[in-house]
Amino acid sequence: MKKVFKALTIAGSDSGGGAGIQADLKTFQELGVFGMSALTAVTAQNTLGVQGVYPLSVEAVNEQIDSVATDLKPNAVKTGMLFSSEIIHAVSEKMAMHQLENIVVDPVMIAKGGAPLLQQEAVSALRTHLLPLATVVTPNIPEAEVIADMKIHNLADRETAARKIFALGVKNVVIKGGHGEEEQAVDLLYDGSDFSFFKSKRFETRHTHGTGCTFAAAITAELAAGKEVKEAVRTAKTFIEAAIQDELGIGQGHGPTNHWAYRQKL
Ligand SMILES: Nc1ncnc2c1ncn2[C@@H]1O[C@H](COP(=O)(O)OP(=O)(O)OP(=O)(O)O)[C@@H](O)[C@H]1O
Ligand SMILES: Cc1ncc(COP(=O)(O)O)c(N)n1
């Protein structure tokens, strides 16, 4: 029988198709992994910003995870926009209950235009309930500052923050460098003993909506296919580099990345 790798994303919907559930499912598909979803919220969103946020009930989130986990059994799971501490608690409980593995947590907090996608009081639930279950967590620099409760000015600070986040029980910490000051876009991986650095050219473009979701989804797809964390992060970096470089140029604001660029490069 054919071996099919399956990944589940638990995240919000971005009607504009560049971030959230839509970015995750496109990325899974591009990397040859069957994508499934549990929606946490519906957003009315485009390249200009977020016009509306409509969270789903905890019951609706729970039921979707149960439906997928009991029948289709994902090889890896990604979380994105979780919105509230109630949803974080529910998702964490379901992950433990269904013994889900290869969990990638993208700790989405604020959309590019500044709209909050996670309530402030939910950060403590993220720290204490979800992060201890995570195989990989992928904060950008502002998110790492909130989780580690410190300011990040340089690469040395980023290493300190990665150690502090690792101490919360996550197995691997990736602090992304999209918001960094370095000339290149440098992502750092800490596995509890070693630091690895993944670098690419920093592209001058405003079309970076959904880079974080797409990058974490690529790591998830690779883990679902049985790859090691370091290899998965390397592929995700190549995937997002291609997706930013070969821009689509659609929308009037921060446009989405090009999810099919990686495949065309192969
Ligand atoms: N201008 C850029 N050029 C090259 N790579 C980039 C650029 N911006 C972001 N990246 C890469 O994209 C990935 C996501 O990084 P980033 O820090 O931007 O995440 P994010 O803030 O969660 O995403 P977003 O900005 O969409 O919310 C990382 O691998 C990062 O290095
Ligand atoms: C539904 C949803 N989820 C996540 C993000 C953040 O996206 P990113 O940080 O990748 O730009 C978003 N804008 N909308």
Side-chain angles (χ1 to χ4, degrees), residues 19 78-82 103-112 114 116-118 120 122-128 130-205 208-220 222-223 227-245 254 257:
K78 169 184 181 281
T79 66
M81 171 186 180
L82 295 176
I103 294 167
V104 178
V105 174
D106 183 17
V108 172
M109 293 182 189
I110 298 173
K112 269 246 159 55
L117 301 177
L118 182 73
Q120 247 167 25
V123 172
S124 103
L126 180 77
R127 277 205 200 94
T128 55
L130 191 56
L131 292 188
L133 304 175
T135 310
V136 186
V137 64
T138 61
N140 60 24
I141 291 175
E143 290 157 355
E145 288 185 325
V146 171
I147 299 169
D149 196 17
M150 63 177 275
K151 278 279 160 206
I152 298 177
H153 302 288
N154 50 39
L155 214 51
D157 292 341
R158 255 205 266 177
E159 293 189 5
T160 307
R163 287 184 203 276
K164 287 180 79 170
I165 297 170
F166 181 82
L168 297 171
V170 192
K171 292 178 197 67
N172 297 274
V173 182
V174 176
I175 302 186
K176 300 169 293 190
H179 302 246
E181 309 269 285
E182 301 87 19
E183 206 180 310
Q184 291 180 303
V186 184
D187 301 342
L188 165 164
L189 164 66
Y190 181 58
D191 65 4
S193 52
D194 293 317
F195 287 97
S196 309
F197 298 90
F198 302 86
K199 301 180 182 178
S200 78
K201 181 174 180 283
R202 184 183 293 280
F203 299 105
E204 287 298 326
T205 173
T208 54
H209 174 63
T211 49
C213 302
T214 302
F215 176 74
I219 297 176
T220 311
E222 289 293 286
L223 294 183
K227 304 287 166 47
E228 295 298 326
V229 171
K230 201 166 168 178
E231 201 184 337
V233 175
R234 188 173 295 117
T235 301
K237 183 70 175 162
T238 311
F239 190 98
I240 195 64
E241 186 182 354
I244 297 171
Q245 182 174 23
H254 291 291
T257 67

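Just so it is clear, the structure is predicted and the values come from calculations on it, not from any experiment.
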Open item on the list: Considering only residues two or more places apart or on different chains, which pairs with a residue in residues 184-202 satisfy salt bridge (charged side-chain N to carboxylate O under 4.0 Å, His left out)?
Closed with: Asp187-Lys237
TODO: Any salt bridge (charged side-chain N to carboxylate O under 4.0 Å, His left out) involving residues 209-218? Give me the pairs, sequence neighbours left out, ordered by first then second residue.
DONE: none
Task: Heavy-atom closest pair, residues Ala232 and Glu222 - done: CB-CB, 3.5 Å
Side chains of residues 160-175: which donor-acceptor partners sit under 3.5 Å, not counting sequence neighbours?
unit_1: Thr160; atom_1: OG1; unit_2: Ala156; atom_2: O; d: 3.1
unit_1: Arg163; atom_1: NH1; unit_2: Tyr190; atom_2: OH; d: 3.3
unit_1: Lys164; atom_1: NZ; unit_2: Ala148; atom_2: O; d: 2.9
unit_1: Asn172; atom_1: ND2; unit_2: Thr135; atom_2: O; d: 2.9

Checking [X] now: which residues fulfil salt bridge (Lys or Arg N to Asp or Glu O under 4.0 Å) with it, not counting sequence neighbours?
| X | answer |
| --- | --- |
| Glu143 | none |
| Lys112 | none |
| Glu241 | none |

- [ ] Scan residues 145-157 for pairs that pass side chain to side chain donor-acceptor pair (under 3.5 Å), counting only residues two or more places apart or in two chains.
- [x]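 Non-adjacent pairs meeting side chain to side chain donor-acceptor pair (under 3.5 Å): zero.
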- [ ] Applying side-chain contact (heavy atoms from CB on, under 4.5 Å), run through Leu118 and Val108 and close with a yes or a no.
- [x] CA-CA 7 Å; Leu118 182 73; Val108 172; over 6 Å; no
Rounded to the nearest 0.5 Å, how far does [atom2] of [Y] lie from [atom1] of [X]?
| X | Y | atom1 | atom2 | value |
| --- | --- | --- | --- | --- |
| Leu223 | Thr235 | CG | OG1 | 10.0 Å |
| Met81 | Leu117 | CE | CG | 4.5 Å |
| Ile244 | Phe215 | CD1 | CZ | 10.0 Å |
| Ile141 | Ile152 | CD1 | CD1 | 6.0 Å |

Mind checking what makes side chain to side chain contact (heavy atoms under 4.5 Å, CB included) contact with [X], not counting sequence neighbours?
| X | value |
| --- | --- |
| Ala19 | Asp14, His209, Cys213 |
| Pro142 | Asn140, His179 |
| Leu155 | Arg158, Glu182, Phe197 |
| Ser196 | Leu189, Phe198, Lys230 |

Open item on the list: Set out, in order, the CA-CA distance, both residues' side-chain angles and the distance that settles side-chain contact (heavy atoms from CB on, under 4.5 Å) for Val105 and Thr138, then state yes or no.
Closed with: CA-CA 6 Å; Val105 174; Thr138 61; over 6 Å; no
- [ ] Decide yes or no on side-chain contact (heavy atoms from CB on, under 4.5 Å) for Lys176 and Asp106, but give the supporting numbers first.
- [x] CA-CA 11 Å; Lys176 300 169 293 190; Asp106 183 17; 3.5 Å; yes
Open item on the list: Run the side-chain hydrogen bond (donor to acceptor under 3.5 Å, both in side chains) test against Thr205 and tell me which residues pass, sequence neighbours left out.
Closed with: Glu247
